[in-house]
Each structure stands twice: as structure tokens, then as C-alpha cells.
> 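Sharing a structure here in C-alpha cells format.
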Amino acid sequence: MEIVKLNNGVEMPILGYGVYQVTPEECERCVADALSVGYRSIDTAQAYYNEEGVGRAVKKSGIARDEIFITTKVWISNAGYEQAKASIDESLRKLQSDYVDLLLIHQPFNDYYGTYRAMEEAYKTGKARAIGVSNFYPDRFVDLAEFCEIKPMVNQVETHVFNQQVEPQKIMERYGTHVMSWGPFAEGRNEFFTNTILKNIGEKYGKSVAQTALRFLIQRGIIVIPKSTRKERMIENFNVFDFALTDEDMQEIAGLDQRKSLFFSHYDPEMVQWLIGYK
């Protein structure tokens with residue numbers, strides 16, 4: 001496993017397992033499978049409603065808590081200093097842990113400045129080993145980063161071969177902030193899994209389209225958290241450290257970048273309204 005060193009010195013696996021869209025009923029089994037495969041980083045969120053499943057799986061795994069890196073996120077409805085502070089404690093209760101390894105603001109809406117102050121306090125008191133944000137476009141990211149006490153360690157954003165976040169990554173690097181990818185397979189959009197370029201490059205190394213895409217992001221220093229409910233896919237996604245793409249491969253895949261979201265825009269008022277209304 002390759003490690004990313006965050007701007008406070010905390011080490012984070014560059015490859016983890018994400019539980020977005022994993023049902024509460026399935027979550028414990030899926031995380032247990034991921035841990036058995038070798039994953040040691042698990043990404044969840046308050047809005048996924050499966051923190052309890054993560055907590056149970058980690059507890060039952062027999063693996064020491066300090067060997068597992070857990071990420072969770074504060075949702076919009078829990079924004080603001082007091083509410084965020086209470087929700088962080090609730091997340092810890094659900095995760096059956098005294099601390100979370102990485103705590104993120106899930107969306108850049110509501111009083112996220114108050115939320116971030118609560119997270120800074122959680123960091124100082126040991127309830128979070130690292131803090132950061134998610135879905136912050138460069139403009140809002142810079143605004144927060146300039147006026148907070150503790151610089152974000154991570155910004156988790158939509159990142160895949162069709163939306164590579166090249167310029168935003170450069171902006172994050174000014175603050176020592178790492179890009180973390182959600183949707184590394186673009187959820188199959190744009191005919192991702194049959195893409196000719198990824199397929200042909202992967203075949204040179206005996207690797208799948210998914211493995212090739214993950215390797216591309218990893219070689220750019222981007223943290224990835226692919227999700228699957230099938231153990232064989234978890235194994236496939238984990239086996240990306242026994243090959244390396246050449247500069248030519250990297251340049252060819254870079255040409256797939258469309259520099260725009262395949263999902264939604266945070267500049268779209270209707271989408272913002274929907275996110276704010278999500279409970």
C-alpha cells in the first residue's frame with residue numbers, strides 16, 4: 001500500500017474503500033469483506049446512513065483501531081458550530097470510536113465556517129486526526145483556506161479520467177491539501193468500462209479498465225476510494241500496486257479529460273436546493 005502524508009504529518013493509505021450507496025443492511029458485510037481483502041481505509045458519511053455498519057465491522061474485525069483509517073463527513077443539515085459539534089460526537093458513537101482519522105465538511109453549503117470551527121476544535125481535542133472538506137470548488141476552497149486556522153488536509157471531489165481536476169489540484173497544493181477522488185470510475189458514465197484507451201493500455205499490463213484508471217489517479221498522488229459490494233471487485237481494485245503506467249500512458253489518458261462534471265454542478269441553483277433539502 002502506498003501512503004500519502006497529509007500536511008500535518010498524518011499518514012493515509014492512498015487507496016481505500018468507499019461505502020457511498022452501500023445500504024445500511026449491507027454495509028457491515030461489505031466493510032468486513034474489504035478489511036479481509038486488505039483495505040485499511042474506509043470512507044463513510046453522516047448522509048450515507050451507514051456509519052453504524054462501518055463501526056460494527058471495524059469492531060468485529062479484530063484489527064487494531066489504529067491500523068484502520070476512518071473518514072466521515074458532516075452533512076449540510078448539521079452545519080454550524082453547535083450542530084456540527086453535536087453531530088461529530090454522534091458520528092463517533094455510531095462508529096464506536098473515540099476519534100475519526102479524517103473529518104470532512106460534506107458540502108459547501110449552510111454555515112460551513114461554523115462547521116469548520118467545530119472540526120478545528122475536534123482536531124485540537126483529539127476527536128479527529130485530520131480535517132478537510134468535500135465538494136469545494138476552487139473559489140470556495142480558497143476562501144475557506146485563507147480564513148481558517150488549520151488548513152484543510154484533504155478536499156474530496158469528483159475525480160476520474162473524464163474530470164481530472166488538474167488545475168484545482170494545483171490550487172490545493174498551494175495549501176498542502178490533497179485531492180481525494182469520489183467516483184473514480186465515473187459510476188460507469190461515458191462508457192467508462194469499455195473505453196478503448198483505458199482498455200488498450202490496461203491490456204499491456206494484464207490489467208482491467210478499472211485498475212488502469214485507479215493507477216492513473218494514484219500516480220498523480222490522488223487518494224482513491226473505489227466502491228463495490230462484490231468481494232472479487234474489491235480484490236481487483238486493490239491490486240493496483242504491482243504495475244506502473246509510463247509517461248506516454250499517462251499523457252494518453254490525460255487526453256480523456258473533459259474538465260467538467262458528469263454528474264452535477266454546485267453552481268446550479270436547482271441542484272443546491274436539492275442538496276440542502278436532502279435529509
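This chain uses plain numbering: 1 for the first residue, then up along the sequence.
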> Between Arg189 and Phe263, is any pair of side-chain heavy atoms under 4.5 Å apart?
yes
> What I'd like to find out is whether the side chain of Thr159 reaches to under 4.5 Å of the side chain of Val224, using heavy atoms alone.
no
> Less than 4.5 Å apart, any side-chain heavy atom of Gln165 and any of Lys170?
no
> Please name the residue in the list Val100, Val10, Ile3 that meets the side chain to side chain contact (heavy atoms under 4.5 Å, CB included) test with Phe69.
Val10
> Under a 4.0 Å N-O cut-off, is there an ion pair linking Asp249 with Lys204?
yes
> At their closest point, which heavy atom of Asp257 faces which heavy atom of Asn163, and how far apart are they?
OD1-CA, 3.6 Å
> Taking NZ, NE, NH1 and NH2 as the nitrogens, is one of them in Glu236 or Arg233 under 4.0 Å from a carboxylate oxygen of the other?
yes
> Relative to the ring of Tyr205, is the ring of Phe243 parallel (under 30°), tilted (30 to 60°) or perpendicular (over 60°)?
tilted
> What I want to check is whether the side chains of Trp182 and Asp43 have a donor and an acceptor closer together than 3.5 Å.
no
> Quick one: closest heavy-atom pair of Cys30 and Val22, and the distance?
SG-CG1, 4.1 Å
> For Asp247, does the CG atom sit with more than 12 other heavy atoms under 6.0 Å from it, leaving out its own atoms?
no
> Before you tell me yes or no, could you show the steps for Glu146 and Tyr175 under side-chain hydrogen bond (donor to acceptor under 3.5 Å, both in side chains), namely the whole-Å CA-CA distance, both residues' side-chain angles and the distance that decides it to 0.1 Å?
CA-CA 9 Å; Glu146 286 289 343; Tyr175 300 90; 2.7 Å; yes
> How about Ile131 and Leu102: do any of their side-chain heavy atoms sit closer than 4.5 Å?
no
> Do Leu256 and Asn190 have side-chain heavy atoms sitting under 4.5 Å apart?
no
> Look at atom CG of Asp98 and say whether more than 12 heavy atoms of other residues, nucleotides or ligands are closer to it than 6.0 Å.
no
> Would you please name every residue forming a side-chain contact (heavy atoms from CB on, under 4.5 Å) with Glu232, sequence neighbours left out?
Arg230
> Answer yes when Glu149 and Lys124 have at least one side-chain N-carboxylate O distance shorter than 4.0 Å, and no when they do not.
yes
> Side-chain heavy atoms nearer than 4.5 Å, only ILVMFWY residues, links allowed to pass through others: does that put Tyr49 and Trp274 together?
yes
> So, does Gln211 use its side chain to make a donor-acceptor pair with the main chain of Ser208 at under 3.5 Å?
yes
> Mind checking whether Tyr137 and Tyr267 have parallel, tilted or perpendicular rings, split at 30° and 60°?
perpendicular
> Considering only NZ, NE, NH1 and NH2 on the basic side and carboxylate oxygens on the acidic side, decide whether Glu203 and Lys199 come within less than 4.0 Å.
yes
> Salt bridge check, Glu26 against Arg29: does any charged N sit closer than 4.0 Å to a carboxylate O?
yes
> Tell me whether Ile42 shares a hydrophobic cluster with Tyr20, the cluster being built from Ile, Leu, Val, Met, Phe, Trp, Tyr side chains joined at under 4.5 Å.
yes
> Taking 4.0 angstrom as the limit, do Asp101 and Arg40 come out as a salt bridge?
no
> How about Ser97 and Lys59: does a side-chain donor come under 3.5 Å of a side-chain acceptor?
no
> For a 4.5 angstrom cut-off between non-hydrogen side-chain atoms, does Val272 reach Ile276?
yes
> Quick one: list whatever passes side-chain contact (heavy atoms from CB on, under 4.5 Å) with Asn155, sequence neighbours left out.
Val133, Phe136, Phe141, Val157, Met172, Thr177
> With a cut-off of under 6.0 Å to the ring centre and 45° to the axis, is Arg140 in cation-pi contact with Phe109?
no
> When you measure from the side chain of Asn110 to the backbone N and O of Ile76, does any donor-acceptor pair fall under 3.5 Å?
yes
> Do the side chains of Ser91 and Leu103 get nearer than 4.5 Å, heavy atoms only?
no
> We want to know whether Gln156 and Asn135 form a side-chain donor-acceptor pair, criterion being a heavy-atom distance below 3.5 angstrom.
no
> Answer yes if the side chains of Arg220 and Gln169 hold a donor-acceptor pair under 3.5 Å, and no otherwise.
yes
> Please assess Asp111 against Tyr116 for the test side-chain hydrogen bond (donor to acceptor under 3.5 Å, both in side chains), listing each intermediate value before the final yes or no.
CA-CA 9 Å; Asp111 179 16; Tyr116 202 78; over 6 Å; no
> Please work out whether the ring planes of Phe238 and Phe241 are parallel, tilted or perpendicular, with thresholds of 30° and 60°.
perpendicular
> Quick check on ring-ring contact (aromatic ring centres under 6.0 Å, His included): which of Tyr278, Tyr112, Tyr48 does His106 satisfy it with?
Tyr48
> Taking the side chain as every heavy atom from C-beta outward, state whether Phe192 and Val209 have any atom pair closer than 4.5 Å.
yes
> Can you see which heavy atom on Ala244 is nearest to which on Arg215, and at what distance?
CA-NE, 4.1 Å
